[in-house]
Peer 1: 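Got a structure for you, written out below as structure tokens; questions coming shortly.
The chains referred to below are lettered A, B, ... by the order of the sequence lines, with proteins before strands, and numbering in each begins at 1.
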There are 2 protein chains.
Amino acid sequence: MDSIDIRILKLLESNARMTASEISGIVRLSVPACSERLKKLESSGVIKQYTTIIDNRYLKKTMTAMMFVSLERPRFTDKFVEAVNAEGDVLECHYLAGDFDYLLKIVTENTDTLERLLNRIKSVQGVQKTRTIVVLSTVKNNYSVSLGDGTDA
Amino acid sequence: MDSIDIRILKLLESNARMTASEISGIVRLSVPACSERLKKLESSGVIKQYTTIIDNRYLKKTMTAMMFVSLERPRFTDKFVEAVNAEGDVLECHYLAGDFDYLLKIVTENTDTLERLLNRIKSVQGVQKTRTIVVLSTVKNNYSVSLGDGTDA
DNA sequence: CTTGAAACGCGAGAATC
DNA sequence: GATTCTCGCGTTTCAAG
């Protein structure tokens, strides 16, 4: 992982469909050299996934909320994790070191669907306490750590 | 946006580098028809971005934290947003309807870098109160809303 | 929407420096 | 690492149905 790899990753971060020849032109490497680096970054696991970000507006999911959840006992964890994974509107679920056990990031249609989701979460066995915070607007939303300008690292 | 579009989006969500001919084979459409749908999904803004998810482990950023921030007055917003955007380790920033004004999702190296980041945030003009919660593990981490199986919507 | 054809560009591999 | 060449495939654009 040298600075050229970082620059390649940065380019792919901004556009995952960039071709090897496009990249080679920008980072000033030959196409085969670029292809090889690409394959290594993929096979080594540095590149976890190429994904597509879909505008939630077109899916009518314009409401974001954060939901804290506490479980009665750790033995309810498996059921809870299962339930969370089954909920398509729950994008993230983090296990916390703090007052609450979990933080869920939710993207859903409206207050109705949020209410129903909240009720489903509350009915999961072992869920003791929840606290939901509505997001008014999202100022920043990156999907991966910033990679700097490639001059360092 | 019919069910075929949904299926195409689903495929691109799982792998943004899928070619039009690969997609056409799966959704049982001709290649030109697929290409056209792709271009429409891109130009209409349904597809916001093709991005690459990089494993934070390889960037040595293995620590995740959630930071709540309150500002004294709304007039400090611009400076704060600017500061947040300049911080590479701050992946998300949401404006909240609640006790705190903002929630920041942070991915950083270790407690040292988190401490320094916290201090930088605290020194931003107008920052009144913060509360930082360390994430122990991440159970679920999707980047876009789930699209179902394409049989509906 | 389909098929089919032509032209172009890209990616993979081998050979070479 | 760079280059060059070749081969096969994907993409785009056209036609016609």
Side-chain angles (χ1 to χ4, degrees), chain A residues 1-55 57-60 143-153, chain B residues 1-55 57-60 143-153:
Chain A
M1 279 264 293
D2 58 1
S3 71
I4 298 177
D5 280 336
I6 300 285
R7 288 173 66 199
I8 292 174
L9 289 173
K10 220 171 121 68
L11 290 169
L12 287 171
E13 214 178 12
S14 71
N15 178 15
R17 283 178 82 81
M18 208 171 262
T19 62
S21 69
E22 280 177 297
I23 296 169
S24 74
I26 298 171
V27 304
R28 300 240 160 236
L29 238 65
S30 69
V31 179
C34 251
S35 295
E36 230 175 285
R37 279 168 180 269
L38 246 174
K39 266 187 280 185
K40 274 182 193 162
L41 289 169
E42 287 168 3
S43 60
S44 68
V46 175
I47 291 175
K48 250 168 88 177
Q49 199 192 354
Y50 298 111
T51 191
T52 300
I53 307 299
I54 294 147
D55 194 328
R57 285 197 303 264
Y58 291 90
L59 302 171
K60 312 281 179 232
Y143 306 101
S144 219
V145 173
S146 297
L147 292 166
D149 53 9
T151 54
D152 57 322
Chain B
M1 280 266 293
D2 58 2
S3 71
I4 298 178
D5 280 335
I6 300 284
R7 287 173 65 201
I8 292 174
L9 290 174
K10 223 173 117 67
L11 290 169
L12 287 171
E13 215 177 12
S14 71
N15 178 14
R17 283 177 83 80
M18 208 171 262
T19 63
S21 70
E22 281 178 296
I23 296 168
S24 74
I26 299 171
V27 305
R28 301 234 159 243
L29 236 67
S30 68
V31 178
C34 253
S35 295
E36 228 176 290
R37 278 170 182 268
L38 246 174
K39 267 189 281 187
K40 272 182 192 164
L41 288 169
E42 288 167 5
S43 61
S44 68
V46 176
I47 290 176
K48 248 168 90 175
Q49 199 191 352
Y50 298 111
T51 191
T52 300
I53 307 299
I54 295 148
D55 194 326
R57 286 197 301 264
Y58 290 90
L59 302 171
K60 311 283 179 232
Y143 306 101
S144 220
V145 173
S146 296
L147 291 166
D149 54 8
T151 55
D152 57 323

Peer 1: What are the residues of residues 11-25 of chain B, sorted by number, that bring a heavy atom to within less than 4.0 Å of DNA chain C?
Peer 2: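 Hits under 4.0 Å, by residue number: none.
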Peer 1: Nucleotides 13-17 of chain D: which of its N/O atoms have a protein N/O under 3.5 Å away?
Peer 2:
residue, atom, partner, partner atom, Å
D:dT13, OP2, B:Lys39, NZ, 3.0

Peer 1: Excluding sequence neighbours, so at least two apart, what forms side chain to side chain contact (heavy atoms under 4.5 Å, CB included) with B:Ser30?
Peer 2: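 B:Ser30 satisfies side chain to side chain contact (heavy atoms under 4.5 Å, CB included) with B:Pro32, B:Ala33 once adjacent residues are dropped.
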Peer 1: Within the structure shown, what part of the strands sits under 4.0 Å from B:Ser30 by heavy-atom distance: base, sugar-phosphate, or nothing?
Peer 2: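 Result for B:Ser30 = base.
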Peer 1: With sequence neighbours left out, write down each residue that passes side chain to side chain donor-acceptor pair (under 3.5 Å) with B:Tyr50, or none if nothing qualifies.
Peer 2: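 Applying side chain to side chain donor-acceptor pair (under 3.5 Å) to B:Tyr50 gives B:Glu42.
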Peer 1: Within the structure, does a side-chain N or O atom of B:Ser35 lie under 4.0 Å from either OP1 or OP2 of D:dT11?
Peer 2: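 The answer is no; no side-chain N or O of B:Ser35 sits under 4.0 Å from OP1 or OP2.
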Peer 1: Less than 4.0 angstrom from a charged side-chain N to a carboxylate O is my criterion; do A:Asp2 and A:Arg37 meet it?
Peer 2: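 Yes, A:Asp2 and A:Arg37 are salt-bridged.
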Peer 1: Which residues pass the side chain to side chain donor-acceptor pair (under 3.5 Å) test with A:Asn15, not counting sequence neighbours?
Peer 2: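 Result, side chain to side chain donor-acceptor pair (under 3.5 Å) vs A:Asn15: none returned.
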Peer 1: As a check on the pairing definition, encode DNA chain D in dot-bracket form, counting Watson-Crick and G-U wobble pairs whose two distances are under 3.5 Å, and using | for partners outside this strand.
Peer 2: ||||||.||||||||||
Peer 1: Examine D:dG1: is either OP1 or OP2 under 4.0 Å from a nitrogen or oxygen in the side chain of A:Arg37? Give yes or no.
Peer 2: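 True: A:Arg37 side-chain N/O within range (under 4.0 Å) of D:dG1 OP1/OP2.
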Peer 1: Looking at side-chain heavy atoms only, is the closest gap between A:Leu11 and A:Val27 below 4.5 Å?
Peer 2: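 Yes - at least one pair of side-chain heavy atoms lies under 4.5 Å apart.
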Peer 1: Any side-chain heavy atom of B:Ser144 within less than 4.5 Å of one from A:Thr52?
Peer 2: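 Side chain of B:Ser144 against side chain of A:Thr52, heavy atoms only: no contact under 4.5 Å found.
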Peer 1: Quick one: are B:Leu59 and A:Leu147 in side-chain contact, heavy atoms under 4.5 Å?
Peer 2: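 When only atoms from C-beta onward are counted, A:Leu147 and B:Leu59 do touch, with a gap below 4.5 Å.
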Peer 1: With sequence neighbours left out, write down each residue that passes side chain to side chain contact (heavy atoms under 4.5 Å, CB included) with B:Lys40, or none if nothing qualifies.
Peer 2: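 Per chain and number, B:Lys40 pairs via side chain to side chain contact (heavy atoms under 4.5 Å, CB included) with B:Glu36.
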Peer 1: I'd like to check the salt bridge (charged side-chain N to carboxylate O under 4.0 Å, His left out) partners of A:Arg17; sequence neighbours left out, ordered by chain and number.
Peer 2: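 Once residues adjacent in sequence are excluded, A:Arg17 has no partner under the salt bridge (charged side-chain N to carboxylate O under 4.0 Å, His left out) criterion.
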Peer 1: I'd like to check the side chain to side chain donor-acceptor pair (under 3.5 Å) partners of B:Ser21; sequence neighbours left out, ordered by chain and number.
Peer 2: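 Side chain to side chain donor-acceptor pair (under 3.5 Å) list for B:Ser21, sorted by chain: B:Thr19.
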Peer 1: B:Tyr58: which residues meet the side chain to side chain donor-acceptor pair (under 3.5 Å) condition with it, sequence neighbours left out?
Peer 2: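 Here no residue qualifies.
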Peer 1: Report yes or no: does B:Arg7 contribute a side-chain atom to a donor-acceptor pair with the main-chain N or O of B:Ile26 at less than 3.5 Å?
Peer 2: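 Confirmed, B:Arg7 side chain pairs with B:Ile26 backbone.
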Peer 1: Please identify the 5'-most and 3'-most nucleotides of DNA chain C with any atom under 4.0 angstrom from a heavy atom of chain B.
Peer 2: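 Under 4.0 Å from chain B, the extent on DNA chain C is C:dC1 to C:dT3.
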Peer 1: I want to check something: taking the side chain as every heavy atom from C-beta on, are B:Ile8 and B:Ile6 in contact at a cut-off of under 4.5 Å?
Peer 2: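 They are not in contact (no side-chain heavy atoms under 4.5 Å apart), so the answer is no.
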